[in-house]
Protein chains: 2
Amino acid sequence: MEKKSYHHKNLKNDLIEKGIELVDEYGINRLSLRKVAQACNVSHAAPYSHFSSKEQLLQEMQLYITNQFAMILEDTVSKYQNMPNFLNEFGKAYISFFMKRPQYFSFLFHQGNIQIDLDINGNKKSNYRPFTIYKEQILKLLANSDMSQSKKEDLVIALFAYVHGLTALTTMKNVHYSHKWEDKLDDLIKSFSCEF
Amino acid sequence: MEKKSYHHKNLKNDLIEKGIELVDEYGINRLSLRKVAQACNVSHAAPYSHFSSKEQLLQEMQLYITNQFAMILEDTVSKYQNMPNFLNEFGKAYISFFMKRPQYFSFLFHQGNIQIDLDINGNKKSNYRPFTIYKEQILKLLANSDMSQSKKEDLVIALFAYVHGLTALTTMKNVHYSHKWEDKLDDLIKSFSCEF
DNA sequence: AGACGTATCTTGACAATGTAAAGATTGGAG
DNA sequence: CTCCAATCTTTACATTGTCAAGATACGTCT
């Protein structure tokens, strides 16, 4: 046991990261503030120096995950940006992220903290960059299309809903599927055939 | 205050129904076993005569909701069964159910208790009849198709994932959308164009 | 350098919660 | 009518989120 100094120095960030690790391992349901504090070798009330409530910590954890996720998606964008299979690769990247960390999905989407602005040119507050990126990329693909704005908006929502729904399925615990998702994702994503 | 008899007589069912009411009103996060017991005018440990744990009660509540939902969907099936817009109406019925009761969605799908068998002729245990119904209906529509079994399976999953994803969007708290879902659902569902 | 204020952390406490054990009540079988 | 077993209550305990009061130490100002 290392003798810990009174001041932890980087506790706020540590709480966020250790909290995320615990969610990754055990899921949000078994996460307690006190366990996160304990994982940081800190007393149970220490988090209150940095977060006003458990809810607040959870939100920051979600933001942290969301931003990491956005960076991965941006890598995917720059890699496949101008290739014909871009949308498929992007969709696979989206789903793969959550398949690797199934606990993240319910953590992000069932606390009610994720904000999304579905409007095509919306400027409402939105903290879920992965959707924003998705929206931008689709609109870029549709830049030269003569599709109406309304139809473009519908398509953005439809494509995202589809990928999001597939992600929900692939990350559910008690879903029985005799194939490996990895082998089927390509075909499944292509099943959504839309006119471009 | 009515003098309550020692024996409640129908407590098990009452706990399930009152529990569902509380979820409907406040969401799963604010639900406690003790509040459900209190809503039934019963001591806090009384539920343990009928359920081995809170988790068990939650599961039975989910089953209860799921079965009611299945009945609604079956009504929709018998009403639109042979009409050309059947799939659209079915999808709308699916989404509408959760739009009326937004709290049900996260309650059902983020506890990890919902079992789904995606296999086209699967016989694995599955407690989510709405999906089973969906699968059956789609396969019935494809009965005379020369599509391969594998493709049919993909299509079932794809269609369900899409409707499920749309439902997730429509029931999310912090989603900003300047249209009314009711006005857009038809177009959105049709956005998923697949070859039949 | 030394004192001080403030941010950070600890300790102790409380209410709400899930759950187990033991006792009370009652309906129904014999 | 008696007695058992199912049903409900009471009591108790560990875990949890949160708050208040106190301890510690870092940076700043003189």
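Computed from a prediction, not measured in an experiment: that's the story for all the values here. In the text below, chain A, chain B and the rest are named by the order of the sequence lines, each starting its count at 1.
- Below 30°, between 30° and 60°, or above 60°: for B:Phe97 and B:Tyr104 the angle between ring planes is between 30° and 60°, a tilted geometry.
- B:Leu22 places its CG atom 17 Å from the P atom of C:dA16, with the value rounded to the nearest Å.
- At a threshold of 4.0 angstrom between heavy atoms, the contacts of B:Ser32 are confined to the sugar-phosphate backbone, with no base atom among them.
- Of the candidate nucleotides C:dA21, D:dC8, C:dG12, D:dC8 has the atom lying nearest to any side-chain atom of B:Ala46.
- What separates NZ of B:Lys12 from P of D:dA6 is a distance of 14 Å, to the nearest Å.
- Between the CG atom of B:Leu31 and the P atom of C:dG18 there is a distance of 8 Å, given to the nearest Å.
- Remark: A:Ser49 is not in phosphate contact with C:dT8, judged by side-chain N or O atoms under 4.0 Å from OP1 or OP2.
- Ring orientation note: the planes of B:His164 and B:Phe109 are nearly perpendicular, at an angle over 60° on the 30°/60° scale.
- Under 3.5 Å, the side chain of A:Arg34 and the base of D:dT18 form at least one donor-acceptor pair of N or O atoms.
- OP1 or OP2 of C:dA7 has not a single side-chain nitrogen or oxygen of A:His50 nearer than 4.0 Å.
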| said: For B:Phe131 and B:Asp117: C-alpha separation, side-chain torsions, deciding distance, then whether side-chain contact (heavy atoms from CB on, under 4.5 Å) applies. | reply: CA-CA 9 Å; B:Phe131 172 76; B:Asp117 184 357; 5.8 Å; no
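- Distance B:Gln56 CD to C:dT19 P: 11 Å, rounded to the nearest Å.
- Following rounding to the nearest Å, B:Glu55 (CD) and C:dG18 (P) show an atom-to-atom distance of 11 Å.
- Annotation: B:Glu55, atom CD; neighbour count of heavy atoms from other residues, nucleotides and ligands within 6.0 Å is above 12.
- Nucleotide C:dG27 holds its C1' atom 15 Å from the CG atom of B:Asn10, rounded to whole Å.
- Taking only side-chain atoms of B:Lys54, from C-beta outward, the nucleotide of D:dT18, C:dC9, C:dT19 with the closest atom is C:dT19.
- Here the nucleotide nearest the side chain of A:Ser43, chosen from C:dC9, C:dA21, D:dT18, is C:dC9.
- Side-chain contact, A:His50 with A:Glu60: no donor N or O sits under 3.5 Å from an acceptor N or O.
- Per the geometry, OH belonging to B:Tyr48 stands 15 Å off C1' belonging to D:dT11, to the nearest Å.
- Counting to the nearest Å, the P atom of C:dA16 and the CG atom of A:Leu33 are 19 Å from each other.
- At a threshold of 4.0 angstrom between heavy atoms, the contacts of B:His44 include nucleobase atoms, whether or not backbone atoms are also involved.
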